[in-house]
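Below is one structure; the comments refer to it alone.
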Protein chains: 2
Amino acid sequence: MTPRQNRQRDRAGRGIPEATVARLPVYLRALTGLQERGVATVSSEELAAAAGVNSAKLRKDLSHLGSYGTRGVGYEVEYLVYQISRELGLTQDWVVAIIGVGNLGRALAGYGGFASRGFRVAGLLDADESIVGQEIAGMTVQHIDRLEDIIAGHGVSIAVIATPAGAAQGVCDRVVAAGVTSVLNFAPVVLSVPDGVDVRKVDLSIELQILAFHEQRKAGGPDGLASLAAGDAPPGAKQYVETVEA
Amino acid sequence: MTPRQNRQRDRAGRGIPEATVARLPVYLRALTGLQERGVATVSSEELAAAAGVNSAKLRKDLSHLGSYGTRGVGYEVEYLVYQISRELGLTQDWVVAIIGVGNLGRALAGYGGFASRGFRVAGLLDADESIVGQEIAGMTVQHIDRLEDIIAGHGVSIAVIATPAGAAQGVCDRVVAAGVTSVLNFAPVVLSVPDGVDVRKVDLSIELQILAFHEQRKAGGPDGLASLAAGDAPPGAKQYVETVEA
DNA sequence: ATGCCTTTGTGAATACGCGCACAAAGTGAC
DNA sequence: GTCACTTTGTGCGCGTATTCACAAAGGCAT
């Protein structure tokens with residue numbers, strides 16, 4: 001962390017911990033749910049339960065935005081929705097392009113959670129000639145050649161990459177060169193980008209693998225029958241595959 | 001403490017940090033990539049670069065699995081692939097059911113990353129009569145009424161929930177009652193489950209919101225024109241919306 | 001106004017994760 | 001065998017995150 005960021009840390013609005021930022025959207029969702037049900041105020045205990053976190057953590061998170069609660073009462077739902085939205089930058093629209101219109105790209109194009117949070121999809125792009133021209137979620141798929149035009153023309157600042165793994169880095173380089181400074185990557189590769197560009201990754205199979213790890217643990221862990229034979233074999237022992245399958 | 005004692009403690013003691021577990025799939029992917037290119041050994045520096053992490057962190061992560069490297073040489077790719085796979089529980093098959101066959105469910109059903117890692121999809125289920133019976137990714141969509149049959153019949157241990165938000169908790173309760181102990185949730189709700197059941201969440205719009213936060217920061221942060229008027233207004237000030245739009 | 005009750009905001013303690021830097025361990029040349 | 005070189009495995013310090021626990025603050029009844 002730079003000294004500059006450090007200096008601003010005490011003041012609400014800057015220096016919000018990354019862990020807190022990651023939870024704000026969860027709080028926001030819980031709050032909009034309460035709002036729709038006509039709830040006017042909520043205590044940290046109730047909101048924390050709805051968001052699935054510890055109430056002290058919730059209060060500390062919110063305290064980073066400022067003192068928006070009333071002791072003895074709780075938080076005003078509508079006001080908190082506004083403050084969190086503002087902090088997250090959702091009081092303005094963000095223009096998004098989706099590159100790669102396979103199964104996942106289609107799902108993303110039709111995903112309601114984007115539009116409802118101020119994310120406007122400016123274009124769907126693909127390299128496959130048989131997909132270009134198709135109408136998906138009310139939009140016509142455009143050829144990847146038009147990438148730079150669309151980014152510049154619509155002021156796209158966030159690119160969603162849903163291409164095959166092999167194409168992702170190339171696409172990423174192009175969108176960054178065209179001025180995009182935030183990338184949401186669904187392709188199973190590690191993207192490298194210059195400083196100043198943010199990348200977030202969503203990998204469906206990684207989440208499943210983490211679940212498998214814990215699932216295995218519940219069932220007795222990896223040190224079962226197999227590892228007695230193979231687990232402590234020294235590096236260079238080539239027969240481990242056969243051993244575990246024997 | 002000797003390295004050997006240390007290894008026994010970690011391997012026997014389930015001491016693998018959650019942060020490490022979350023990175024193992026990334027290492028595994030990088031390693032299989034190297035394997036396909038015929039690379040036999042790799043140094044922590046090279047592998048770390050491929051995985052996008054610090055090399056010391058990589059070495060520490062791998063040390064939790066045991067001492068599988070050779071000083072002065074590096075790690076044997078094939079052996080490491082096997083050890084990580086074993087630790088993650090990927091040397092056995094996991095049976096998965098996908099509930100909710102909307103856009104996202106379809107994308108998941110066709111996602112290659114599942115099958116290639118030992119995750120077998122035993123069924124696609126939906127409540128919508130017009131979807132039931134459709135053929136998707138080589139499977140016939142079944143009615144949600146058959147949920148319990150399918151879970152018991154195929155030994156499903158992991159459920160993937162891709163339903164609308166409103167249906168997710170109900171589906172979750174049913175799959176848990178039917179014996180599922182791991183849930184991957186794509187619905188934008190916080191699921192509550194009994195102890196012993198793991199839930200992981202993937203939320204597409206949360207990732208975008210986090211990007212928006214950083215994007216806004218690059219552009220000057222939320223403390224711009226608006227917040228000078230409204231940002232520090234006390235709770236109870238009702239005119240904040242008008243203020244920010246004025 | 002006073003006192004009781006509720007709930008926030010936060011200091012303090014603890015746990016966790018990260019990365020530097022280096023000793024230990026292994027390889028290969030001669 | 002010995003020496004130079006490479007790379008692992010990890011001790012250590014530092015910063016961040018989480019949780020507890022409580023004083024301070026506000027509401028409300030009387």
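Per chain, numbering begins at 1; letters A, B, ... match sequence-line order.
Counted by atom type alone, B/S44 and B/R59 present one or more donor-acceptor pairs between their side chains at under 3.5 Å. For the residue pair A/S63/A/D61, the side-chain donor-acceptor check at 3.5 Å is not satisfied.
Between B/E76 atom CD and C/dG26 atom P the separation is 16 Å, expressed in whole Å. Atom P of nucleotide C/dT8 and atom OH of A/Y27 are separated by 13 Å, given to the nearest angstrom. Whole-Å rounding puts the B/L62 CG to D/dT8 C1' distance at 10 Å. Protein atom CD of A/E46 is 12 Å distant from nucleotide atom C1' of C/dT6, rounded to whole Å. When rounded to the nearest whole Å, the span between CD of B/E18 and P of C/dA15 equals 18 Å. Atom CG in A/L80 sits roughly 13 Å away from atom C1' in C/dT8 (whole-Å rounding). One interatomic measurement links the two molecules: CG of B/D61 to P of C/dG19, which rounds to 10 Å at whole-angstrom precision. Spacing between atom CG of B/L58 and atom P of C/dC20 amounts to 14 Å, rounded to whole angstrom units.
When each of A/I210, A/L204, A/L208, A/V202 is checked for a side chain to side chain contact (heavy atoms under 4.5 Å, CB included) with A/I206, only A/I210 meets the rule.
The distance between the ring centers of A/Y79 and A/Y68 falls below 6.0 angstrom.
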Inset, instruction - Determine, for nucleotides 20-30 of chain D in 5'-to-3' order, which nucleotides have protein heavy atoms under 4.0 Å from the base (write B), from only the sugar-phosphate (write S), or from neither (write -). - result: BB--BBSS---

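Residue A/S44 places at least one side-chain N or O under 4.0 Å from the OP1 or OP2 atom of C/dT8. Using a 4.0 Å cut-off, no side-chain N or O of B/Y75 falls inside it from OP1 or OP2 of C/dG26.
For B/K218 (side chain) and A/T181 (main-chain N/O), a donor-acceptor pair under 3.5 Å exists by modelled atom type.
Using a 4.5 Å heavy-atom threshold, the side chains of B/L24 and A/F213 count as separate.
Comparing C/dC18, D/dT18, D/dT8 against the side chain of A/R23 picks out D/dT18 as the nearest.
In this structure, A/V189 and A/K201 approach most closely via the heavy-atom pair O-CD, 4.3 Å.
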